[in-house]
Participant: 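So that we are looking at the same thing, I have put the structure below in C-alpha cells.
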Amino acid sequence: MLRRDYIVKLIQELGLSISRLLNTEKPKPEKQQEIEAMYNLFGADKDFFRSASNYEIFSTIVENLEIICGCRREDLTNAQISDVVDKLATLYYLDLLNSDLSGSQVVDVAQRALFSFECAQNLSDTYSAERLARIAELRKSLKLNCPQ
C-alpha cells in the first residue's frame, strides 16, 4: 500500500510540474527552456521525443518507468500508466503552444500529442473532459494542417 501511494505521489508531482508550466506567465523563451528540460523526466531529451517513432517513444517510457515513477511496468496499473502517458501528452501540447517549432515539426509534435492523448484515453478508466477537448482540438488542427 505504501509503495502504491508513493507511485501515485510521484505521478502527481510530475503532473503538478507540468500544470505549473501550463498556467504560469513567463517569457516564451524561458518557458520553452523549461518545457525542453522536462522531456528529460521521461527518459530522453526533446530531440528524441520530437523525432522518434511512437513505438520508440513508448518503449523508452516503459524502459524508464523506474526513473519516471520509481517502479517497474508490472507494478503499475493501467490507470497509472495512463497518467504518465497523459503527462507526456500534456508536455507535447505545451511544446506546441510555447515553442518555436516550424512546418513539419509542428505537425510531428501535434501527431505525437494526439497519439499520446488517445493512448492515455484508451488506458484510463476515468473520464477526462480536458483530455477529450485536447484530442478534438488536435484532430481539428491536424486536419487543417494536412495537405488534401
Side-chain angles (χ1 to χ4, degrees), residues 3-23 28 31-148:
R3 183 170 175 80
R4 185 176 301 152
D5 291 343
Y6 176 71
I7 292 167
V8 169
K9 182 159 178 56
L10 286 174
I11 294 170
Q12 287 173 338
E13 286 177 10
L14 178 62
L16 287 173
S17 297
I18 293 171
S19 290
R20 270 188 233 113
L21 270 176
L22 187 62
N23 298 317
K28 197 171 184 174
K31 207 170 190 178
Q32 184 176 351
Q33 279 184 319
E34 286 185 44
I35 291 166
E36 291 173 357
M38 288 200 79
Y39 279 112
N40 293 319
L41 297 174
F42 293 94
D45 66 3
K46 70 169 172 67
D47 294 326
F48 171 81
F49 281 102
R50 287 181 180 171
S51 64
S53 70
N54 290 328
Y55 175 80
E56 292 170 321
I57 290 167
F58 288 97
S59 293
T60 298
I61 288 175
V62 170
E63 289 170 10
N64 289 299
L65 280 171
E66 207 158 327
I67 295 166
I68 297 168
C69 56
C71 58
R72 296 169 302 174
R73 162 63 183 109
E74 52 270 12
D75 296 332
L76 294 172
T77 65
N78 280 349
Q80 290 168 327
I81 292 173
S82 172
D83 285 346
V84 171
V85 174
D86 188 69
K87 304 312 180 234
L88 176 62
T90 303
L91 186 60
Y92 276 131
Y93 184 78
L94 279 169
D95 203 358
L96 279 170
L97 297 177
N98 294 287
S99 295
D100 295 326
L101 301 169
S102 62
S104 66
Q105 285 180 315
V106 172
V107 173
D108 289 345
V109 172
Q111 287 173 336
R112 285 171 176 76
L114 177 59
F115 181 80
S116 300
F117 277 127
E118 288 175 337
C119 284
Q121 183 65 26
N122 290 334
L123 287 168
S124 180
D125 55 1
T126 306
Y127 178 82
S128 171
E130 183 178 26
R131 185 186 305 129
L132 292 173
R134 288 184 179 158
I135 287 171
E137 177 187 346
L138 287 164
R139 283 181 181 162
K140 182 178 178 184
S141 173
L142 285 166
K143 190 173 183 180
L144 295 174
N145 288 324
C146 290
Q148 300 295 325

Participant: Would you mind telling me which of R134, R139, R131 makes a salt bridge (charged side-chain N to carboxylate O under 4.0 Å, His left out) with E118?
Facilitator: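 Of R134, R139, R131, salt bridge (charged side-chain N to carboxylate O under 4.0 Å, His left out) with E118 is met by R139 alone.
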Participant: What's the separation between atom OG in S124 and atom CD1 in I81, rounded to the nearest 0.5 Å?
Facilitator: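 Reported value, rounded in 0.5 Å steps: 12.0 Å.
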Participant: Do F117 and L132 have side chains that get closer than 4.5 Å, going by heavy atoms?
Facilitator: no
Participant: Measure the shortest side-chain to side-chain distance between L96 and L138 over non-hydrogen atoms and say whether it is less than 4.5 angstrom.
Facilitator: yes
Participant: If you define the side chain from C-beta out and look only at heavy atoms, does anything of V85 sit under 4.5 Å from F58?
Facilitator: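 Counting from C-beta outward, V85 and F58 do come under 4.5 Å.
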Participant: Are any of the side-chain heavy atoms of L88 and I57 separated by less than 4.5 Å?
Facilitator: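 Side-chain contact under 4.5 Å: yes.
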Participant: Who are the ring pair (Phe, Tyr, Trp, His ring centres under 6.0 Å) partners of Y39, not counting sequence neighbours?
Facilitator: F49, Y92
Participant: Is the backbone of S51 close enough, under 3.5 Å, to the side chain of R112 for a donor and an acceptor to pair up by distance?
Facilitator: yes
Participant: How long is the gap from CG on N98 to OH on Y93, to the nearest 0.5 Å?
Facilitator: 10.0 Å
Participant: Check the pair K87, L41 against side-chain contact (heavy atoms from CB on, under 4.5 Å), reporting the backbone distance first and the verdict last.
Facilitator: CA-CA 11 Å; K87 304 312 180 234; L41 297 174; over 6 Å; no
Participant: To the nearest 0.5 Å, what is the distance between CD on E56 and CD1 on I61?
Facilitator: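 Going from CD on E56 over to CD1 on I61, the span is 12.5 Å.
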Participant: Specify the closest pair of heavy atoms between D125 and A79, including all atoms of both residues, with the distance to one decimal.
Facilitator: OD1-CB, 3.8 Å
Participant: Salt bridge or not between D95 and K46? Use side-chain N to carboxylate O under 4.0 Å.
Facilitator: no
Participant: Taking S141 for its side chain and E137 for its backbone only, find out whether a donor-acceptor pair lies under 3.5 Å.
Facilitator: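 Side chain of S141 to backbone of E137, a donor-acceptor pair under 3.5 Å: no, none is there.
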Participant: Look only at the side chain of E36 and the backbone of Q33, and say whether a donor-acceptor pair between them is shorter than 3.5 Å.
Facilitator: no
Participant: I need the minimum non-hydrogen distance between A120 and S82, along with the two atoms involved.
Facilitator: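 Looking at all heavy atoms of both residues, the shortest contact is O-OG, 2.7 Å.
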Participant: Between S99 and Q32, which heavy-atom pair has the shortest distance, and what is it?
Facilitator: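 It is OG-CG, 3.6 Å.
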Participant: To the nearest 0.5 Å, tell me how far D83 CG sits from T90 OG1.
Facilitator: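 Between atom CG of D83 and atom OG1 of T90 there are 10.0 Å.
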Participant: Starting at CZ of R50, measure out to CG of L101 and round the result to the nearest 0.5 Å.
Facilitator: 4.5 Å
